[in-house]
Amino acid sequence: MSTVSSGHTHAHHFESSQHEHKAGIHGVWLFLVTEILMFSGLFVAYAIFKGVYPEVFHEGHRYLDWRLGALNTVILLFSSLTMALSIHYIRVNKPKAAMINLLITIACGLGFMIVKYIEYNAKFHHGLYPGHFFTAHEHIEHKNLALFFSLYFCMTGLHGIHVLTGMGLIGWVAIRLKKGEFGPHHYTAVEGVGLFWHLVDLIWIYLFPLLYLVS
Amino acid sequence: MAHEHSTDYLHHGKGLWSWLTTLDHKRIGLMYMIAILTFFFFGGIFALLIRLELMHPGTQFMSPTVYNQVMTLHGTMMVFMVIIPGIPAFLGNFVLPIHLGAKDVAFPRLNLFSWYIFIAGALIAASAVVFGGVDTGWTFYTPYSIQTYKGTVFMVLGAFVMGFSSILTGLNFIVTVHKLRAPGMTMNRVPLFIWSIYSTAIIQVLATPVLAITLLLLVMERTLGIGFFDASLGGDPVLFQHFFWFYSHPAVYIMILPAMGIISELVVTFSRKVVFGYTAIAYSSIGIAAVSFLVWGHHMFVSGQSEFAGKIFSFITMLVGVPTAIKMFNWVSTMYKGSIRMDSPMLFAVGFMFLFAIGGVTGIFLATLSIDVHLHDTYFVVAHFHYVMVGGTLMALMGGIYYWFPKMFGKMFNETLARITFALIFLGFNITFFPQFIAGVQGMPRRYQDYIPEYEWLNRISTIGSWLIGAGFLLVLYVLIQGLRKGKPAGPNPWGAKTLEWTIPSPPPHENFTTTPVVSGGPYEYR
Amino acid sequence: MKYMPLQASTFGEDWDLVWNFVLWSSIISCIILIGGMIYFIFRYQRKTDKDKTAYITHNTFAEFLWSFIPLVVFMGIAAWGWEVYKDMRTFPTDALEVNVTAQKWAWNMTYSNGRTLTGKLVVPVGKPVTILLTSKDVIHSFFIPSFRVKQDAVPGRRSKLWFQATREGNYHLFCTEYCGMNHSGMLGTVSVVAQADFDAFMAENPNAEVSPIELGKQLYQQQACIGCHTTDGKPLVGPSFQGIFGKSVKIKGGGTVTADENYIRESILNPAAKIVEGFPENQMPVYQGALNEDQITALIEFIKAQK
Amino acid sequence: MAHDAHEIKGIGIYLKVFATLIVLTIVTVAVAQVNLGRLNTLIAMLIATAKALVVMIWFMHMNHESTLNRIVFGTAFIFALIFYGLTFMDVDTRINLQNLFINK
């Protein structure tokens with residue numbers, strides 16, 4: 001078995017580590033494609049139901065606090081910046097600066113999840129649960145409001161799972177960085193995780209106006 | 001490391017553990033083979049049971065409750081566990097890197113991981129039987145799937161997990177085709193099997209994620225009652241059908257495209273002639289893959305979809321017929337002025353073309369709006385997709401297994417018996433499924449445990465045919481095992497084929513090629 | 001050979017024309033393809049292992065022909081299919097309207113005068129009929145082979161189809177969308193009768209005095225109770241009605257209950273409340289709002305009478 | 001053995017990109033406070049797309065990425081649009097939508 005690629009050697013079926021890097025990043029892009037199509041299902045459901053029940057969506061968005069949404073947008077955008085910076089620092093061989101930026105990224109992810117937690121809590125407090133746990137039937141104007149919150153929880157929930165996954169992956173590359181496994185010419189994993197993190201940001205960029213702003 | 005190059009992949013590492021942890025694409029391919037043949041065995045048993053129950057009207061030995069579960073298990077197993085992974089994950093894994101002149105797929109660990117995901121998904125799906133059963137049919141239409149047995153959740157989760165195996169295999173193959181071709185192996189020199197697997201992989205990567213989210217939403221629908229597909233909560237059951245068929249129609253091409261690739265290889269090798277219209281066959285694969293995403297609505301002509309949508313979908317569906325026709329005509333043209341030998345793989349290839357022609361033209365019936373109104377969800381549809389899936393994909397899979405068997409194991413099977421298996425399967429298939437076209441035209445709906453007496457004679461013929469198919473596949477098993485145990489040494493190139501896998505010993509060495517091959521011409525240069 | 005079901009609606013003729021065109025063009029193309037293939041197999045059989053073969057890589061003109069000709073034929077078929085389909089979907093304004101509600105596992109027809117029927121549709125010959133479809137529980141599909149019509153009945157949605165019968169007689173009505181256990185038993189009859197007979201049918205007074213037990217029996221059949229509950233003691237999907245009244249039964253999740261009027265009423269209105277041990281859940285539709293008080297009473301009387 | 005076809009520049013570009021994104025976020029929030037009817041959705045989506053493009057080009061280095069990867073990533077959006085487009089085509093053309101949804 002000569003396929004184990006530790007340190008800076010490349011697996012036996014590649015010509016060079018550059019070849020391996022290109023194949024790896026290509027694989028990550030393809031993976032991002034699958035992520036986008038997976039989320040597309042939710043976006044299509046959103047668009048179709050918004051077409052059928054515009055008034056429900058109008059009522060639903062009033063229950064969401066756009067300030068918290070905007071705060072989360074800024075947090076995620078900032079984490080995207082630090083993620084990009086950490087790759088930059090690895091490439092100019094400044095592992096310490098890269099490490100700090102990775103840790104800030106994780107912290108931002110954590111901050112995002114805390115804000116999400118506060119938001120979810122407020123919804124639950126009003127009985128605005130997803131699906132048949134929805135209990136706020138007395139106060140609402142439109143009977144299918146539960147549908148909006150099902151969409152809200154599915155979309156932000158799946159996105160939240162991706163944020164958590166991203167945090168885990170960043171933690172993993174941070175540990176490998178500490179072990180000195182990355183250098184200016186060997187940073188495929190960090191770049192791949194970075195692409196994933198930017199995609200998570202990208203999806204939020206659409207979720208924010210769709211859920212919090214559009215009326 | 002010199003000693004490693006001298007052993008073939010079967011003897012490179014010993015014991016079960018060396019197989020379970022292998023990163024060798026050839027071994028992973030064989031592991032898929034074992035899993036898939038096992039599932040195929042069970043799926044086949046279910047099929048025979050279904051036919052036996054339907055031999056006469058009324059209940060024979062399966063109550064409606066049991067019948068519906070057996071019918072569902074047959075469908076889900078055959079679709080998600082046999083036909084979708086069948087050719088790409090098994091033969092694709094074995095052949096694709098060698099065809100490209102590569103030592104392995106791009107991500108060997110991911111490849112092994114995909115196999116484990118596949119097995120895990122299959123086990124979760126199978127556990128549905130224990131946890132309350134599942135009787136939705138393989139389509140999981142809402143709202144029935146929301147209301148029926150609890151086992152549905154496990155089956156849906158199993159299909160969800162197996163979907164990831166499919167996605168990752170497709171991703172792996174795309175990167176391999178893009179990045180690991182041998183020097184000189186340009187895209188217009190790769191064998192046609194690669195083109196078909198490549199097109200399949202594109203569909204797997206683009207469509208399967210939508211299946212994932214659809215099934216996830218279905219699970220949420222059952223556990224949380226999110227209401228997207230439940231009319232009583234304001235949702236739309238027809239929307240589920242859009243979601244489901246956005247994946248499942250392209251999935252039909254995940255099933256048939258790899259089969260077409262195998263047929264291209266077989267026809268060329270056994271006609272000993274350069275392929276006719278390489279470019280047309282190659283690009284028609286990509287064409288089918290692309291158009292397959294635009295036609296899903298033809299499953300929904302009577303579902304409450306709008307007339308306008310039905311019209312658009314009907315016209316686009318007809319477009320799929322064109323690249324398919326191109327392939328058929330080009331294969332027949334390849335045989336023109338060839339030097340044809342009807343060895344068992346070629347018999348299956350010819351059988352494929354015969355059955356796929358019928359399967360294909362009946363697809364045109366179903367794509368025609370007004371005709372489909374009558375034929376939708378009748379036995380005509382059942383016969384049509386069995387002609388394509390069994391008559392197409394399984395015939396090609398059998399041809400592929402016989403064709404690459406000497407390469408996989410270095411041994412030859414009993415040719416006479418192999419030809420008999422073809423005769424049994426081909427005859428049995430036609431006897432089983434042709435009457436179903438007539439039953440369908442006469443209006444017999446599908447998924448019926450019982451039927452009115454008018455249809456009895458057709459069903460009786462059909463059931464008798466199914467026994468022939470069953471006998472044929474049992475004989476296949478015998479031929480393969482006998483070949484493994486007592487087969488004569490095959491030599492590196494028993495069929496006189498031209499593609500790269502036949503330039504290396506049988507069975508191939510662990511690293512495929514001791515020196516990376518350099519390619520200087522097309523794949524089928526018979527001059 | 002008589003392989004097609006009788007054509008008994010105005011769509012039959014046009015439909016069969018398209019069908020025959022597609023059928024014969026399919027047969028011809030299959031003969032060309034398969035025939036050519038079989039001819040080549042024999043004509044170009046391998047003679048020696050050193051046979052030389054022609055080196056023909058492609059022929060642009062031939063390939064253009066066999067892509068372009070199928071394309072034209074396919075588009076023509078699609079256009080023709082659409083023309084016939086358009087007639088099927090263009091609804092006449094003077095049609096007789098019948099509301100059809102599907103449920104597990106029965107077809108309920110309601111006429112404009114309130115007349116209801118289960119499993120049987122009576123329509124006049126030579127007059128357009130529009131069927132307005134919906135479903136109580138899951139998706140079903142309304143299919144009359146002899147009329148060449150089919151449409152899904154979707155819960156929470158209304159869909160429709162129309163036809164004009166051309167021959168008197170009885171025709172099959174199938175459910176073609178898988179709907180669970182008794183899917184294959186969800187059959188019906190379409191009875192096409194002369195206008196005069198139809199008028200007489202409509203004039204019959206369905207609300208004539210009948211005894212509660214008799215009414216209960218009718219409901220037992222119309223509301224599809226009969227699909228799951230026998231009266232001969234054999235359990236099916238649900239318990240048999242024979243001798244059930246007054247009996248003490250074990251229920252799921254522990255405990256027993258006496259099958260008295262109240263229990264039966266509850267089980268009709270909200271079947272999930274107390275399921276008898278050994279029977280599946282979620283099989284019976286909820287009848288809350290579907291039956292009035294008289295009807296429930298009649299059903300209870302009917303069950304009482306099954307000793 | 002440098003993987004990177006592009007030379008490494010300073011971090012200035014990243015900071016500029018971040019500033020742009022923040023400005024666009026403020027704009028989209030501000031526009032949402034004004035009721036413009038159907039235009040609101042359109043503008044919000046346009047701004048979101050602009051932000052997405054900025055992230056893709058500079059954070060995800062699309063500007064230095066190979067053509068192949070650009071095609072691959074673009075394909076995802078094309079097929080997501082097909083998914084939406086054809087589903088919407090059906091729902092939008094169902095006659096009297098109001099009547100179809102009984103629960104509305």
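By convention in this document, chain letters (A, B, ...) are assigned in the order of the sequence lines, proteins followed by strands, and residues within each chain are numbered from 1.
- Both the backbone and the side chain of B/Val373 come within contact range of chain C, each with at least one heavy atom under 4.5 Å from a heavy atom of that chain.
- For C/Phe143 and B/His374, the distance between ring centers is under 6.0 angstrom.
- For C/Glu83, no part sits under 4.5 Å from any heavy atom of chain B, backbone or side chain.
- Most heavy-atom pairs under 4.5 Å with chain C, from the set B/Val322, B/Ile326, B/Thr317, B/Thr368: that is B/Val322.
- At a 4.5 Å heavy-atom cutoff, C/Lys136 makes no contact with chain B through either its backbone or its side chain.
- Ring centers of C/Trp19 and B/Phe365: under 6.0 Å apart, within the cut-off.
- Heavy atoms closer than 4.5 Å to chain C are found in the side chain of B/Met342, but not in its backbone.
- For B/Trp331 and C/Phe40, the gap between ring centers reaches or exceeds 6.0 Å.
- Neither the backbone nor the side chain of C/Asp14 comes within less than 4.5 Å of any heavy atom in chain B.
- Looking at B/Ala357, the atoms closer than 4.5 Å to chain C (heavy atoms on both sides) sit in the backbone and in the side chain alike.
- Contact annotation for C/Val18: both backbone and side-chain heavy atoms come within less than 4.5 Å of a heavy atom of chain B.
- C/Asp49 touches chain B through backbone and side chain together, each having a heavy atom under 4.5 Å away.
- Top candidate by heavy-atom pairs under 4.5 Å with chain C, chosen from B/Pro323, B/Ser63, B/Ala325, B/Gly321, is B/Gly321.
- Highest contact tally toward chain C, considering only B/Ile371, B/Asp450, B/Thr378, is held by B/Ile371 [criterion: heavy-atom pairs under 4.5 Å].
- Using a 30° and 60° split on the angle between ring planes, B/Phe240 and B/Phe229 fall in the perpendicular class, above 60°.
- Neither the backbone nor the side chain of B/Met300 comes within less than 4.5 Å of any heavy atom in chain C.
- No part of B/Tyr67 comes within reach of chain C, as not one of its non-hydrogen atoms sits under 4.5 angstrom from that chain.
- Residue contact with chain B, scored on non-hydrogen atoms closer than 4.5 Å, is absent for C/Ser146.
- Using a 4.5 Å cut-off between heavy atoms, C/Leu23 touches chain B through backbone and side chain atoms alike.
- Contacts between C/Phe174 and chain B at a heavy-atom distance below 4.5 Å involve backbone atoms as well as side-chain atoms.
- Of the atoms belonging to C/Ala153, not a single heavy atom falls under 4.5 Å from chain B.
- Residues B/Tyr526 and C/Tyr55 keep their aromatic ring centres 6.0 Å or farther apart.
- Aromatic pair B/Phe437/B/Tyr379: centroids not less than 6.0 angstrom apart.
- For C/Met88, the part lying under 4.5 angstrom from a heavy atom of chain B is the side chain only.
- At a 4.5 Å heavy-atom cutoff, the contact between B/Thr136 and chain C is made by backbone atoms alone.
- Contact count versus chain B (heavy atoms, under 4.5 Å) is highest, among C/Ile32, C/Asp51, C/Ile56, for C/Ile56.
- Between chain C and the residues B/Gln69, B/Glu525, B/Met444, B/Met346, the most heavy-atom pairs under 4.5 angstrom are made by B/Glu525.
- Because its NZ or CZ atom is not both nearer than 6.0 Å to the ring centre of C/Phe142 and within 45° of the ring axis, C/Lys150 does not count as a cation-pi partner of that residue.
- The minimum heavy-atom distance linking C/Ala102 with C/Trp107 is given by the pair CB-CZ3, 3.6 Å.
- Here C/His183 and C/Tyr178 bring their ring centres to under 6.0 angstrom of each other.
- Under the salt bridge (Lys or Arg N to Asp or Glu O under 4.0 Å) criterion, B/Arg447 pairs with no residue at all, not counting sequence neighbours.
- Between B/Asp343 and B/Arg341, at least one side-chain N (NZ, or NE/NH1/NH2) sits under 4.0 Å from a carboxylate O, which counts as a salt bridge.
- Between C/Thr90 and C/Asp87, the side chains place no donor N or O within less than 3.5 Å of an acceptor N or O (distance only, hydrogens not considered).
- For the 3.5 Å distance criterion, the side chains of C/Arg89 and C/Gln151 qualify, holding a donor opposite an acceptor.
- In this structure, chain C has no heavy atom under 4.5 Å from any part of B/Thr334.
- Of the listed residues B/Val361, B/Thr279, B/Ile146, the one with more heavy-atom pairs under 4.5 angstrom with chain C than any other is B/Val361.
- In this structure, the side chain of C/Ser135 engages the main chain of C/Val138 through a donor-acceptor pair within 3.5 Å.
- Heavy-atom pairs under 4.5 Å with chain C peak, among B/Pro64, B/Gly338, B/Ser314, at B/Gly338.
- Looking at C/Ile34, the atoms closer than 4.5 Å to chain B (heavy atoms on both sides) all sit in the side chain, from C-beta outward.
- Using a 4.0 Å cut-off between a side-chain N of Lys or Arg and a carboxylate O of Asp or Glu, B/Asp377 and B/Arg446 qualify as a salt bridge.
- In this structure, chain B has no heavy atom under 4.5 Å from any part of C/Lys86.
- For C/Glu63, the part lying near chain B is the side chain, with the backbone staying farther off; criterion is any non-hydrogen pair under 4.5 Å.
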